[in-house]
Amino acid sequence: MTDTRLLPRLMRGALLAATLALPLTVATGRAAEAVDPAAWNEVLAQAKGQTVYFHAWGGEPRINAYIAWAGEQVKQRHGITVEQVKVDDTANVVARIVAEKAAGKDSGGAVDLVWINGENFLSLKQSGLLMTPGWATKLPNWPLVDVENKPAVVTDFTEPTDGLESPWGMAKLVFMHDTATLPEPPKTLAAFAEYAKANPGRFTYPQPPNFHGSTFLKQVLATTIADPDKLSRPVDPATFEADVAPLFAYLDDLHPNMWRQGRSFPQNQPALRQLLADSEIDIAFTFNPAGASAAIAAGELPDTVRTFVLDGGTIGNAHFVAIPFNASAKAGALVLANFLLSPEAQARKQDPAIWGDPTVLAVERLETAERERFNALDLGIATLSPEELGPVIDEPHASWMVELERAWTARYASQ
């Protein structure tokens with residue numbers, strides 16, 4: 001039986017709902033075939049004809065279109081069908097996997113591949129609910145991954161991935177402003193607070209536990225905590241309230257000057273971006289350095305929008321796909337994960353006209369024709385260069401996000 005004490009509090013509610021939704025008689029599904037990515041030809045043979053249910057955030061049409069394209073490619077090349085199961089909270093996917101384990105469903109699971117990172121990965125890893133360690137580093141395309149210069153591809157919110165998940169994109173927090181109305185944006189959190197006082201209602205952030213909203217909390221925490229080294233370790237319950245007191249003091253001061261006086265919040269990043277497009281706010285943000293350029297290319301933002309980062313750096317990480325322990329189509333999931341690491345798929349994903357998501361690959365190690373895919377990309381008028389992006393602030397240990405979301409909800413959600 002899985003120890004649900006390892007799960008975030010909000011996830012346990014989803015776990016209960018998922019458990020109640022299971023049939024009383026548990027069907028174990030067909031026996032799972034052994035799959036070893038080191039024997040790739042055997043994986044390809046097993047994968048042919050499988051349907052991979054890829055549970056991935058469905059809140060961005062461009063990303064959904066990219067996943068559909070990737071599914072078409074593996075269908076044509078390997079006879080695999082990919083069905084994206086669009087989710088708005090990965091914690092609910094984790095809860096379903098936990099519920100299946102609790103019900104004895106050790107094969108034939110509903111989730112074959114899941115887009116995941118952070119506290120959700122930590123929960124599955126600690127509970128032993130992911131496919132055999134090391135599978136990711138056995139994928140044929142793994143040698144192309146830039147482990148040396150992008151260490152986040154093997155460490156998820158300070159937690160070693162141990163080959164339990166495969167990276168497929170990089171992320172860094174960047175802020176967006178419309179130069180037509182705000183030529184010089186504030187570039188420190190203190191300046192943000194001053195700007196909000198002078199311009200009430202012109203800034204907001206998505207409501208936690210939305211990932212982008214929680215990332216803003218972590219950005220403030222990393223800047224205000226007295227001892228930043230604590231963030232690389234699990235939360236200490238004995239000092240948590242003192243550690244986050246400066247964060248909440250900052251938010252208490254900021255909220256009355258925010259959009260709708262901080263009494264309501266946009267639900268996600270696309271909604272935040274729309275507020276900027278509608279000139280309801282002056283500053284928005286995204287976890288995709290090319291996100292503004294992609295939105296401009298799609299006609300979602302005016303071409304006067306540009307991006308900036310805060311002095312001292314912003315939060316950055318990698319995002320991953322993982323295969324649950326009881327996936328029905330493990331071989332097909334391996335083939336899809338490997339394709340997502342291919343230079344073809346990574347270059348297409350980095351194109352702002354498609355998605356704009358930065359690559360996890362070491363581009364300089366690619367063959368000439370493959371490097372050219374990347375060199376030919378126009379990263380867009382609003383995309384900062386690597387030098388302009390500045391330093392990366394590492395993600396805190398996953399337990400910080402869990403506790404921050406709990407504390408934020410208790411303090412503000414009922415206002």
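A quick note: this is a predicted structure, and the numbers were derived from the prediction, not measured.
- For the pair Leu130/Phe121, a side-chain contact is recorded, criterion being any heavy-atom separation below 4.5 Å from C-beta on.
- Applying the ring-ring contact (aromatic ring centres under 6.0 Å, His included) rule to pairs touching residues 358-397 yields nothing, sequence neighbours excluded.
- Sorted pairs that involve residues 307-328 and meet salt bridge (Lys or Arg N to Asp or Glu O under 4.0 Å), not counting sequence neighbours, are lacking altogether.
- Residues Lys138 and Asp36 are paired through a salt bridge, judged by an N-O separation under 4.0 Å between the basic side chain and the carboxylate.
- The ring pair (Phe, Tyr, Trp, His ring centres under 6.0 Å) search around Phe265 returns Tyr205, His255, Trp408, not counting sequence neighbours.
- In this structure, the separation between CG on Asp394 and OG1 on Thr158 is 9.0 Å, given to the nearest 0.5 Å.
- Closest approach of Asn120 and Ala91 over heavy atoms only: OD1-CA, 3.5 Å.
- For Asn375, the CG atom sits in a packed shell: over 12 heavy atoms of surrounding residues, nucleotides or ligands are nearer than 6.0 Å.
- The two residues Gly316 and Phe287 come nearest to each other via the heavy atoms CA-CZ, 4.3 Å.
- In this structure, CD on Glu405 lies 9.0 Å from CG on Asn210, to the nearest 0.5 angstrom.
- Under the 6.0 Å cut-off for aromatic ring centres, Phe203 and Phe192 qualify, their centroids lying closer than that.
- In this structure, the side chains of Glu60 and Trp355 stay at 4.5 Å or more apart for every pair of heavy atoms.
- Rounding to the nearest 0.5 Å gives a distance of 5.5 Å between CG of Leu379 and CD of Gln350.
- A side-chain contact (heavy atoms from CB on, under 4.5 Å) with Pro167 is found for exactly one of Val360, Val154, Thr161, namely Val360.
- For Phe285, the ring pair (Phe, Tyr, Trp, His ring centres under 6.0 Å) criterion is met by Phe175, Phe216, not counting sequence neighbours.
- The stretch residues 174-189 participates, sequence neighbours left out, in no salt bridge (Lys or Arg N to Asp or Glu O under 4.0 Å) pair at all.
- Taking 4.0 Å as the cut-off between side-chain N and carboxylate O, Arg406 and Glu119 do not count as a salt-bridged pair.
- Scanning all heavy atoms of the two residues, the minimum distance from Ile296 to Ala382 falls at CD1-CB, 4.0 Å.
- Among all heavy-atom pairs drawn from Phe308 and Ile283, the shortest one is CZ-CG2, 4.2 Å.
- Across Glu148 and Val145, no two heavy atoms sit closer than the pair OE1-O, 4.5 Å.
- A ring-ring contact (aromatic ring centres under 6.0 Å, His included) check over residues 70-113, counting only residues at least two apart or in different chains, returns nothing.
- Between Lys349 atom NZ and Leu340 atom CG the span is 8.0 Å, to the nearest 0.5 Å.
- Closest of all the heavy-atom pairs between Leu404 and Lys218 is CD1-CG, 3.9 Å.
- Within a 6.0 Å sphere centred on CD of Glu367, other residues, nucleotides and ligands contribute 12 heavy atoms or fewer.
- For Gln274, the side-chain hydrogen bond (donor to acceptor under 3.5 Å, both in side chains) criterion is met by Asp278, not counting sequence neighbours.
- Remark: Asn117 engages Asp156, Phe157, Phe211, Asn317, His319, Phe320 in a side-chain contact (heavy atoms from CB on, under 4.5 Å) (not counting sequence neighbours).
- With sequence neighbours excluded, the residues forming a side-chain contact (heavy atoms from CB on, under 4.5 Å) with Ala191 are Pro186, Thr188, listed by chain and number.
- Every residue meeting the side-chain contact (heavy atoms from CB on, under 4.5 Å) condition with Glu387, not counting sequence neighbours, appears here in chain and number order: Ser385.
- Interatomic distance, Ile315 CD1 to Leu173 CG, rounded to the nearest 0.5 Å: 7.5 Å.
- Every residue meeting the side-chain contact (heavy atoms from CB on, under 4.5 Å) condition with Ala345, not counting sequence neighbours, appears here in chain and number order: Tyr66, Trp69, Phe339, Ser342.
- Applying the side-chain hydrogen bond (donor to acceptor under 3.5 Å, both in side chains) test to His177 and every residue at least two apart in sequence or in another chain returns nothing.
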**OP:** Under the side chain to side chain contact (heavy atoms under 4.5 Å, CB included) rule, what do Asn326 and Lys101 come out as? Steps first, then yes or no, please.
**Re:** CA-CA 8 Å; Asn326 65 344; Lys101 177 63 175 179; over 6 Å; no
